[in-house]
Amino acid sequence: MPREFPIGLTPPDWLVRNLRAQRAPVNRAAVARAAVAMSLPLAVGLAAGRPAYGALAAMGALSGVIGDTADAYRLRILNIAVPQLLGAVGVTLGSLAFGHGWIAVAVLTGIALVSGMISTIGAVSSVSGLLLLLNAVVGAGLPMPGDWWLAPLLMTGGGLLVLLLALLSWPLRSGVPERTAVADAYRAVAGLLDACGSDTETYDTARHAATQALNQSYDVILARRSRYHSRSRDLTRLLAQLNAVIPVIEAAPAAHLSGTPLPPGIPQALRHLADAVDTGYSGPIGLRLPLPLTETGRAVDQALRHAADVVTEPDVDPTGILDHLGHPGALRTRAALATRNVLLSAASWRYGLRLALCIGLAQVLVSTVAVPRSYWVALTITFVLKPDFGSVFSRALLRALGTVAGLVVAAAVLSQVPRGWWDVLVLFLLAPLIPAVTPRGYGHQTAAITPVILLLSDVLNREGTALLLPRLVDSLIGCAIALVAGYLLWPESWHTRVGDRLADAVADTARYVECAFGGGAQGTDPAPRARMRRRLYRDLSAIRTEFQRALTEPPPTGRRAAAWWPLVVAVERIVDATTAARVRVKQGAAPPSAAEVSQVILQLRELAEGVREADTLIAVRTDLTGPPGSVLEPLRQEVAAARAIASPH
């Protein structure tokens with residue numbers, strides 16, 4: 001029988017959330033690539049009598065392993081190659097500043113500012129900014145062997161080796177990741193249909209999973225320019241299949257609000273379609289759907305039959321498909337927009353200045369105080385203070401704990417394993433742990449990366465176990481600087497980051513209601529509604545993730561996030577109720593009057609302003625009234641519930 005903690009020793013909820021490992025599947029291919037890509041350069045270096053060169057190439061491979069997260073092959077090129085180029089720039093600038101005292105401080109501070117600012121653009125730029133600063137710190141903290149150009153060449157070559165291994169199966173599996181992403185979206189929506197009519201928590205969880213799967217599949221399919229889609233028959237067909245599942249998602253809220261679970265054959269039919277998408281099958285599919293007896297049943301039935309028609313259609317006309325849910329613009333246009341946003345965004349400047357301040361303080365500290373191998377201080381800050389990687393407090397805590405665990409492994413390796421060819425075997429065994437445990441949490445990733453970096457550093461400097469204690473001290477100093485200068489000294493709270501975004505989502509919900517039931521062409525054209533709904537759920541998914549990060553911080557931040565969490569869920573339900581009402585109108589229910597619609601829109605806009613201006617939630621009574629049989633009755637109830645949420649005393 002498990003022992004319970006005494007009341008006084010029970011760990012706080014925020015600490016438990018930080019230490020809890022996340023469940024995630026192991027990417028076996030990435031594990032194999034990590035083992036080969038990191039041990040092979042070191043083996044070649046030892047065979048050539050240049051182990052330091054092999055260690056540098058293995059460090060570059062480590063950067064490639066960290067960025068090896070994409071499914072689609074073309075995305076892998078961006079995720080690995082682009083960051084490697086900026087990493088080469090970083091190590092070049094850092095190595096040129098090595099040993100130059102205050103010049104090195106100025107160079108790393110400036111690079112940190114740029115790194116923090118470009119990290120706000122997107123996923124690829126975030127990893128690029130990380131490697132730019134990370135390699136600059138390593139270059140400025142370690143003497144690089146050979147000429148100035150050799151270190152960036154070796155490190156870039158190691159990263160490109162990971163890319164080469166990742167692309168080996170492209171000729172055999174071209175298009176498979178895209179089909180898998182669309183099929184997974186279908187299966188997630190089938191899980192949503194399974195949850196219809198069940199308890200609210202189960203349905204909310206299933207809806208969130210479906211939203212994430214849909215967002216991921218659109219990111220994979222729409223990652224390339226629209227001009228390419230029109231030339232690719234397979235990609236056009238996949239995009240049409242992905243668009244075809246949208247009516248099923250729109251019908252799900254109406255089915256859930258009916259309170260009656262759907263027959264098991266309905267979600268099973270969608271899983272049957274998912275298998276067809278996964279295999280590329282385009283023959284006839286005999287769907288055994290029950291006879292629909294209600295308006296929501298008819299909506300689900302029609303949506304499923306439409307999806308079946310699209311899935312089994314071998315040739316798809318690309319005209320209009322890209323415009324249904326939007327498509328990526330030209331690369332030049334997106335680059336110009338991203339540059340403008342970075343230079344004019346207060347958030348990008350704020351993140352960049354935070355990172356620059358912390359790196360500058362770290363470099364000043366190690367320049368004035370004797371700290372052995374002092375680059376580890378700035379290295380710790382680089383990982384902890386990445387603004388888009390989650391809570392700074394949580395990452396500092398997990399970094400410290402992960403470093404301790406990693407140092408235990410490193411101590412065993414450095415004290416018991418002879419240097420030389422045994423290092424190749426150890427690296428072959430340790431490197432696969434990085435992609436294997438990274439999805440489980442930042443602390444696990446730190447514990448896996450720490451012994452690998454220390455082993456490669458030892459190949460370069462031959463310090464052995466003497467570097468273990470300084471590494472721990474350096475990590476703790478870096479965590480302390482990140483917590484004080486990058487966290488406590490900045491007045492912005494989680495409400496500033498999340499409360500404004502939640503207010504924007506509520507305002508967008510008001511516009512969605514207006515688009516769904518307003519007059520004019522916008523009220524009859526389904527494409528603007530579909531685009532607005534997908535953008536709303538994507539924004540709400542990001543807000544939900546941000547709130548979950550805030551819950552891992554200690555009071556008062558975590559307590560405030562817990563108080564506001566019900567409102568996040570309430571806004572998601574308002575969007576669901578709006579979609580369900582629109583589906584019922586499409587199936588023949590009487591449309592709401594203009595007065596009813598205006599009343600709901602007014603309440604939502606007032607709620608948005610209240611969220612934007614309030615520090616704590618305050619209950620507000622509503623006077624929403626209307627015909628009891630109106631399609632907007634469930635929506636009025638959800639809006640009233642959102643307005644009635646109050647903060648704890």
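Checking Val639, Val597, Thr578 one by one against Leu632, the side chain to side chain contact (heavy atoms under 4.5 Å, CB included) holds for a single residue, Val597.
Ion pairing of Arg187 with Asp184 is present here, as a side-chain N (NZ or NE/NH1/NH2) and a carboxylate O approach within less than 4.0 Å.
The CZ atom of Arg179 sits 10.5 Å away from atom CD1 of Ile221, with the distance rounded to the nearest 0.5 Å. Between atom CG of residue Leu604 and atom CG of residue Asp508 there is a gap of 11.0 Å, rounded to the nearest 0.5 Å. We find the CD1-CG distance between Ile249 and Leu214 to be 4.5 Å, quoted to the nearest 0.5 Å. Between the CZ atom in Arg305 and the CG atom in Asp309 there is a gap of 9.0 Å [rounded to 0.5 Å]. Ile574 contributes atom CD1, which lies 10.0 Å from atom CG of Leu540 (distance to the nearest 0.5 angstrom). A distance of 10.5 Å separates SG in Cys515 from CD1 in Ile601, rounded to the nearest 0.5 Å.
A donor-acceptor pair is defined here as one N or O able to donate and one able to accept, closer than 3.5 Å; such a pair exists between the side chain of Arg643 and the backbone of Gln603. Looking only at distances, a side-chain donor or acceptor of Ser258 sits under 3.5 Å from a matching main-chain atom of Ala255.
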For this session: Would you sort out whether Asn243 and Leu239 count as a side chain to side chain contact (heavy atoms under 4.5 Å, CB included), showing the intermediate values?
Result: CA-CA 6 Å; Asn243 288 343; Leu239 187 57; 4.2 Å; yes

For this session: I would like to know whether Ile246 and Arg533 meet side chain to side chain contact (heavy atoms under 4.5 Å, CB included); could you show each step before the answer?
Result: CA-CA 10 Å; Ile246 296 299; Arg533 181 190 176 280; 5.5 Å; no

Exercise. Run the side chain to side chain contact (heavy atoms under 4.5 Å, CB included) check on Tyr186 and Asp275 step by step: do they pass?
Worked result: CA-CA 9 Å; Tyr186 270 66; Asp275 294 337; over 6 Å; no

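Considering only residues two or more places apart in sequence or on other chains, Ser541 meets the side chain to side chain contact (heavy atoms under 4.5 Å, CB included) condition with His208, Thr211, Gln212, Asn215. A search for salt bridge (charged side-chain N to carboxylate O under 4.0 Å, His left out) contacts involving Arg538 returns Asp219, not counting sequence neighbours. For Pro292, the side chain to side chain contact (heavy atoms under 4.5 Å, CB included) test picks out Arg298, Asp301, with sequence neighbours left out. For Arg207, the salt bridge (charged side-chain N to carboxylate O under 4.0 Å, His left out) partners are Asp204, Glu572, Asp576, not counting sequence neighbours. Judged as a side-chain hydrogen bond (donor to acceptor under 3.5 Å, both in side chains), and not counting sequence neighbours, Ser198 has no contacts. Considering only residues two or more places apart in sequence or on other chains, Arg535 meets the salt bridge (charged side-chain N to carboxylate O under 4.0 Å, His left out) condition with none of them. Ala590 pairs by the side chain to side chain contact (heavy atoms under 4.5 Å, CB included) definition with nothing, not counting sequence neighbours. With sequence neighbours left out, the side-chain hydrogen bond (donor to acceptor under 3.5 Å, both in side chains) criterion links Thr296 to Thr294. For Glu638, the salt bridge (charged side-chain N to carboxylate O under 4.0 Å, His left out) criterion is met by no residue, not counting sequence neighbours. Residues meeting the side chain to side chain contact (heavy atoms under 4.5 Å, CB included) test with Glu609, sequence neighbours left out: Arg612, Glu613.
Annotation: side chain of Leu607 is in contact with side chain of Val611 (closest heavy-atom distance under 4.5 Å). Looking at heavy atoms from C-beta onward, Asn79 lies out of side-chain contact with Val127 at the 4.5 angstrom threshold. You'll find the side chain of Val277 reaches within 4.5 Å of the side chain of Leu238, heavy atoms only.
Donor-acceptor pairing under 3.5 Å is recorded for the side chains of Gln637 and Glu633.
For the salt bridge (charged side-chain N to carboxylate O under 4.0 Å, His left out) condition, no pair includes a residue of residues 249-261, sequence neighbours left out. Each ring-ring contact (aromatic ring centres under 6.0 Å, His included) pair with one or both residues in residues 242-278, not counting sequence neighbours, appears once here: Tyr203-His256.
Taking all atoms of both residues into account, the shortest heavy-atom contact from Ala577 to Leu257 is CA-CD1, 4.1 Å.
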